[in-house]
Q: 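Please read through the structure below; I'll follow up with questions.
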There are 2 protein chains.
Amino acid sequence: MSANKKLTIEDIAKKAGVSIKTVSRVFNNAPNVRQQKRDIVLGVARDLGYQPNISARQLASKRSFVISHFHDNPNTDYVSEIYEGMRRACSEEGYYAVAEKLNPQKGSYRQSLLDYLLRFEVDGLILSPPVSDDQAVIREIEKREIPYALISPGKKKKRAINVFIDEKGAGRSITDYLINRGHENLAFLSGLNSHAASRQREAGYWEAIEEAQIPKKNAVRLSGDFSMRSGFTAFDMLVKKAPKTTGIFAANDEMAIGLIVAALGKGKKVPEDLSVVGFDDSPFARAMWPSITSLAQPVDEMAHLSTKKLIGWIHSNILEQSRFEFSTKIIERGSCP
Amino acid sequence: MSANKKLTIEDIAKKAGVSIKTVSRVFNNAPNVRQQKRDIVLGVARDLGYQPNISARQLASKRSFVISHFHDNPNTDYVSEIYEGMRRACSEEGYYAVAEKLNPQKGSYRQSLLDYLLRFEVDGLILSPPVSDDQAVIREIEKREIPYALISPGKKKKRAINVFIDEKGAGRSITDYLINRGHENLAFLSGLNSHAASRQREAGYWEAIEEAQIPKKNAVRLSGDFSMRSGFTAFDMLVKKAPKTTGIFAANDEMAIGLIVAALGKGKKVPEDLSVVGFDDSPFARAMWPSITSLAQPVDEMAHLSTKKLIGWIHSNILEQSRFEFSTKIIERGSCP
DNA sequence: CCAACGTTTGACAACGTTGTCATCTTAGCG
DNA sequence: CGCTAAGATGACAACGTTGTCAAACGTTGG
């Protein structure tokens, strides 16, 4: 909460020659304050280093100034990046960012949410995969009319902020990238099929294959589950099912790493014998050797924007725009230069 | 961030036939309340599902009920585990857990801290490496008399909660583990030398070597920087400097992975030709193939305990015990069975 | 049985904001 | 120039706790 020492709205009011209510208005960007007074108040506040006391605000306004991120994703890099984007936005707006890892062992996501809401008040929620696709959770949130944002949801919601990338388009562009580099025998290494994103990426893969008129028999699908190990074992499958494959598109970086490690272990050279493109541009994609060509989505910015828009929604009580698409970029690295 | 609906201390007081102050005392575990009344109040509160309103508490008591974790560690798994332990403890005690990644680009850690404290009030701080070794930061905290905890500090502080493992002992036990498995040519792959932990682990390594009377020429030190890539390049150095080495102790898992990947790429077999033990028991140690034998420290518990003790300190204003040592365990896996 | 003292209890004023509503300005218009 | 409506401003009561301090209650020893 509050600030430096013990400056209150009253000190500012006195010094600025206005009432405390006017100061309050200024700090809440409320209408009906003459620009001139606004400037004076802001000037005085800056000079004195005033920061509003959050607790008092919470108490008086019955808002919590808390935005909570609900997640259950084992990928801590991803979660951290979301948290960082959120934190940045919250910090700009005077909100608190908190994160809550849902524990599926404690019953459903829905139950975890209910437990949480019983104990804490939040002004807004941010859900990321796989929680962002749990319709039971979403129903509870909508029932309570809590503003919320969905990051990369499988199914966009009308009454929510949706931030996402074009998963199918991303799948296409990775596949095209491989094709343009002369690969004629391709493989897609899928993630968990229950994740909408994996299915959409795959759809893009097939679309690109078709469009490039690559014979179906020269393109395979290997199933994985997003884990490093599943990438590792997928390599054996690849050798068996499609030994001529030279270009691989893995639905995430971890599987790409697993597959590369397996390939190196069997004496294959990457990228000479086998080119691999991953997805997510995770820190490991950079750190590995060979480093991994990967499609980057601006997770930090997605979280930042959704938090900003969420706070806007909370303040105005109006959801202006519900869909925000972000563009992606293939980061060229060693595994498929 | 209050509760369920709109129950206040007054509702409880009325129903229990006492004054609001007594209810307040009960909820703060304050002394001088007859046990009988205490039970009545707690009973009523439970029946009605009352939760105290945190904002009002904050405002009236001038406490913030916020514990903040200051960190700057690129290992998001580690940071997340700390956050989770903290969050659990905070949740049990009705506190908020927040995390702040310090940005060294914005000047010193000290400056980041000052900026933060100017904007937010916290009741306690938790520092983890490398921030837990920044004496300038610690000085500022002590100057303000904010209770704080250090996780794995290089230098324990008298007026703080210190939670740690025996780094040197851990280094010894990993080295002994390798020696007991018959390895006679060993290597230690160091982390950044500026990290006290790396130096201590190395000290344990040499102690074990000496005690086992292994000739100094059969034991080498390779320098790394905790990054995967440094593990990768360390392999070349190993081949050059000590090709007979069969047992390797890496100061963290990432370097162990890098080294293993390099070795596999050169046709070496792990663990047959080269056995590797890592440090941290990170998720990747489990996921890799071969999975990596690694020394696990109970990070979650360390964070949980330090948060609990910190809150105790905040409440009683007395620091009862300042040092808490945790024990570690080598998790046997494929890279050195 | 009473004085003296510690323990328990409660009334009421903070805490620093925002909400409500009344009042004072200002601008627009005939 | 006067009237009206809209805009700007402020006084004061919430908000739900804890802090302070005084009063009531119990217990002990004489």
Q: Reading DNA chain D 5' to 3', which nucleotide is the first, and which the last, to come under 4.0 Å of any heavy atom in chain A?
A: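 In short, chain A contacts DNA chain D from D:dG7 to D:dG16.
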Q: Contact list please: residues 10-25 of chain B against DNA chain D, heavy atoms, distance less than 4.0 Å, in numerical order.
A: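 Going residue by residue through residues 10-25 of chain B, the ones with a heavy atom under 4.0 Å of DNA chain D turn out to be B:Ile20, B:Lys21, B:Ser24.
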Q: Just by modelled atom types, is the B:Ile67 backbone N or O under 3.5 Å from a matching donor or acceptor in the B:Asp123 side chain?
A: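 Absent.
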Q: Assess A:Lys309 against A:Phe324: is NZ or CZ under 6.0 Å from the centre of the six-membered ring, and within 45 degrees of the ring's axis?
A: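 Verdict for A:Phe324: no cation-pi partner in A:Lys309.
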Q: Less than 4.0 angstrom from a charged side-chain N to a carboxylate O is my criterion; do B:Glu121 and B:Lys62 meet it?
A: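 Salt bridge absent between B:Glu121 and B:Lys62.
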Q: Can you tell me the distance, in whole Å, between the CD atom of A:Gln36 and the P atom of C:dT26?
A: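 Going from A:Gln36 (CD) to C:dT26 (P), I get 10 Å.
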Q: Please assess B:Asp11 against B:Tyr50 for the test side chain to side chain donor-acceptor pair (under 3.5 Å), listing each intermediate value before the final yes or no.
A: CA-CA 9 Å; B:Asp11 300 315; B:Tyr50 165 77; over 6 Å; no
Q: Please confirm whether the backbone N or O of A:Arg323 pairs with a side-chain atom of A:Gln321, one donor and one acceptor, at under 3.5 Å?
A: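 Looks like yes, one N/O pair under 3.5 Å.
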Q: If we ignore hydrogens and angles and just use 3.5 Å, is the side chain of A:Ser24 paired with the main-chain N or O of A:Ile20 as donor and acceptor?
A: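 Here the side-chain-to-backbone pair does not exist.
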Q: Quick check on DNA chain C: between B:Leu59 and B:Pro31, whose nearest nucleotide comes earlier from the 5' end?
A: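 In this pair, the answer is B:Pro31.
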Q: Find which nucleotide of DNA chain C each of B:Arg34 and A:Ile9 is nearest to by heavy atoms, and output the residue with the more 5' nucleotide.
A: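 Looking at DNA chain C, the more 5' nearest nucleotide goes with B:Arg34.
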Q: With no hydrogens and no angle check, is any side-chain donor or acceptor of A:Asp133 less than 3.5 Å from a backbone partner on A:Gly154?
A: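 Judged by distance alone, yes, a pair lies under 3.5 Å.
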Q: If the threshold is 4.0 Å, N to carboxylate O, is there a salt bridge linking B:Arg110 and B:Glu140?
A: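 Salt bridge present between B:Arg110 and B:Glu140.
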